[in-house]
Amino acid sequence: MSALNPYRPGIFISFEGIDGAGKSTQLHAVVNLLQAAGRKVVLTREPGGTEIGEKIRDLLLHESMRPPTEALLMFAARQEHVLQVIEPALLNGVDVVCDRFTAATLAYQGGGKGIPTERLDAIARWVHPGLCPDCIILIDVPPEVAAQRLAQVRQRDRFEQESVDFFARVRAHYLQQAEAAPKKWLVVDGTQAPDVVQSIITNHLSNVLLEFDSK
Ligand code: TMP
C-alpha cells in the first residue's frame, strides 16, 4: 500500500461519461474504497479544481463561445489543476480521483464539436507532458437515457442543453478512446442499477490497486 511507502506516487483515476451518465455517486464510492484501503485521496473535478479553474468553469458552463475558445479554456483550467493539485498530490503518494480529464476534451470538443484530435493531442502534450490517468472509468449510457435523466434537472447548463445527436457523437468518441486503450479504460454499462455499477467498478479497482502496488 502506498500508505506504507510515502515515496511511492499515488494512483490517478478519472471518471468520464456523457452528461446524465451518473458519475457522482460512483466517484464517492471509489473515494471510500481507496480510503478503506488506507490510502490518502484527493477528489477533484474538471473543469475546475482550483480557484482560477472554478472561475473558468463558470465561464465555460454559462457563456456562449466558439469551440476553439472552449477547448483552450478547458486546457487553461487543466494547466492550473495539474500544476497546483494533481501533480503535487501524486508525487506525495496521494491518490487523485478526478471527475473528468483530457479524455473529456477529446470526446466533447473533438468528437462533439469537431476540433481535430491531433490539435487537441498536441495541446495536451504541452499542458501535461507524460501525465495520463492510470485508470479511466467510462460510465456509458445511450444519449436517450441520459436525456431522460437530464430532463429532471431544473436549470441545465450550456452543455446539458446540447442535443441527443451531440451526445451520441461524444459517446462514440469516448467508446473509440476506450477501444484504443482497453488496459487503461473500464467501460461500465450505466443503465444498470447504481449498486451493480458500483460493484463492477470497485472489483475492477481492487485489481488495479493490486497491480499498482506490486510494481
Ligand atoms: P460536469 O458536469 O461533469 O462537472 O462537467 C461539466 C461539463 O463540461 C460537462 O458537460 C462536460 C464538459 N466538459 C467538456 O466539454 N470538456 C472537458 O474537457 C471537460 C473536462 C468537461
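The analysis underlying the following values was restricted to heavy atoms, covering all of them including side chains, and did not include hydrogens, waters or symmetry mates. As the structure lists them, so they are numbered: ligands from 1, and atoms in each ligand from 1. Everything quoted here is computed from the prediction, not taken from an experiment.
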> Does Glu80 use its side chain to pair, donor to acceptor, with the backbone of Gly48 at less than 3.5 Å?
no

> Take the angle between the ring planes of Phe167 and Tyr108 and call it parallel below 30°, perpendicular above 60°, tilted in between.
perpendicular

> At less than 4.0 angstrom from any non-hydrogen atom of Lys23, what atoms of ligand 1 do you find?
3 (O)

> Tell me which protein heavy atom sits closest to atom 4 (O) of ligand 1, plus the residue, atom name and distance to 0.1 Å.
Arg57 NH2, 2.9 Å

> Which heavy atom of the protein is the closest neighbour of atom 13 (N) of ligand 1, given with residue, atom name and distance?
Met74 CE, 3.5 Å

> Is the backbone N or O of Pro133 less than 3.5 Å from a side-chain atom of Lys184, with the two atoms forming a donor-acceptor pair by type?
yes

> Between Arg45 and ligand 1, is there a nitrogen or oxygen pair with a distance under 3.5 Å?
no

> With nothing but distance in play, are any N or O atoms of Glu70 less than 3.5 Å from an N or O of ligand 1?
no

> Among all protein heavy atoms, pick the one closest to atom 9 (C) of ligand 1 and tell me residue, atom and distance.
Asp19 OD2, 3.5 Å

> Please list the nearest protein heavy atom to atom 18 (O) of ligand 1 with its residue and the distance rounded to 0.1 Å.
Thr105 OG1, 2.6 Å

> Could you tell me if Arg78 sits above the aromatic ring of Phe75, with its cationic atom closer than 6.0 Å to the ring centre and no more than 45 degrees from the axis?
yes

> When rounded to the nearest 0.5 angstrom, what is the spacing between CH2 in Trp185 and CD in Glu16?
5.5 Å

> Under 4.0 Å from a heavy atom of Pro47: which atoms of ligand 1 are those, numbered in the order shown and with their elements?
8 (O), 19 (C), 20 (C), 21 (C)

> Any idea which atoms of ligand 1 are less than 4.0 Å away from a heavy-atom of Ala104?
16 (N), 17 (C), 18 (O), 19 (C), 20 (C)

> Distance to 0.1 Å, residue and atom name: give those for the protein heavy atom nearest to atom 7 (C) of ligand 1.
Phe159 CD1, 3.9 Å

> Who's closest to atom 15 (O) of ligand 1 heavy-atom-wise, of Gln109, Glu46, Arg100?
Gln109

> His81 and side chain to side chain donor-acceptor pair (under 3.5 Å): which partner among His128, Arg45, Glu46?
Glu46

> For the pair Glu160 and Arg149, find out whether any cationic side-chain nitrogen is under 4.0 Å from an anionic carboxylate oxygen.
no

> Is Arg158 paired with Glu70 through a side-chain N to carboxylate O contact shorter than 4.0 Å?
yes

> Would you check whether Arg158 reaches within less than 4.0 Å of ligand 1, judged by its heavy atoms?
no

> Of all the atoms in ligand 1, which lie at a distance below 4.0 Å from a heavy atom belonging to Arg78?
18 (O), 20 (C)

> Counting both backbone and side chain atoms, is some N or O of Glu160 under 3.5 Å from an N or O of ligand 1?
no

> Just by distance, do the side chain of Arg100 and the backbone of Gly17 share a donor-acceptor pair under 3.5 Å?
yes

